[in-house]
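A short write-up of the structure that comes next.
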Amino acid sequence: GTVALLMGCWLINAGSRTLAAGALFYSAGVSVYSVALVFYPARSQRPWLAALVYAVAGWGGSAMGIGFAENQHELPRGPTLVAGAVIGLGLLARQAVRRRSLVFDGV
């Protein structure tokens, strides 16, 4: 989902020849992202958290994305790169925690 979303942003900014592909990747990424935002909190038996996350991230993120698309006709590169870096660092941190817990569980 993250790769699709970032690829969509990159293709949308690349120009009119890649706009359709960018819109497809962007839509797929947002769909996967939205499902994940609701699924993980709901899975942990906290539906109120799923609703809160979806309301804030889903509605807020959608409003900002639509605003960028309507008013600027492109997605800003800076926030897109920062978002990609934050997601990448989060995934790396998650892997490190998992490895550490495996080491401690095996002792």
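By the 4.5 Å heavy-atom criterion applied to side chains, Ile12 and Leu19 are counted as neighbours.
Cluster partners of Ile87, using a side-chain heavy-atom cutoff of under 4.5 Å among ILVMFWY residues and allowing indirect links, are Leu91. In this structure, Val3 shares a hydrophobic cluster with no other residue, the cluster being traced through Ile, Leu, Val, Met, Phe, Trp and Tyr side chains under 4.5 angstrom apart.
With sequence neighbours excluded, no residue satisfies side chain to side chain contact (heavy atoms under 4.5 Å, CB included) with Ser31. Every side chain to side chain contact (heavy atoms under 4.5 Å, CB included) that Arg43 has, sequence neighbours left out, goes to Phe39, Tyr40. With sequence neighbours left out, Leu5 forms a side chain to side chain contact (heavy atoms under 4.5 Å, CB included) with Tyr26, Val30.
The distance from atom OG1 of Thr18 to atom CE of Met7, rounded to the nearest 0.5 Å, is 10.0 Å.
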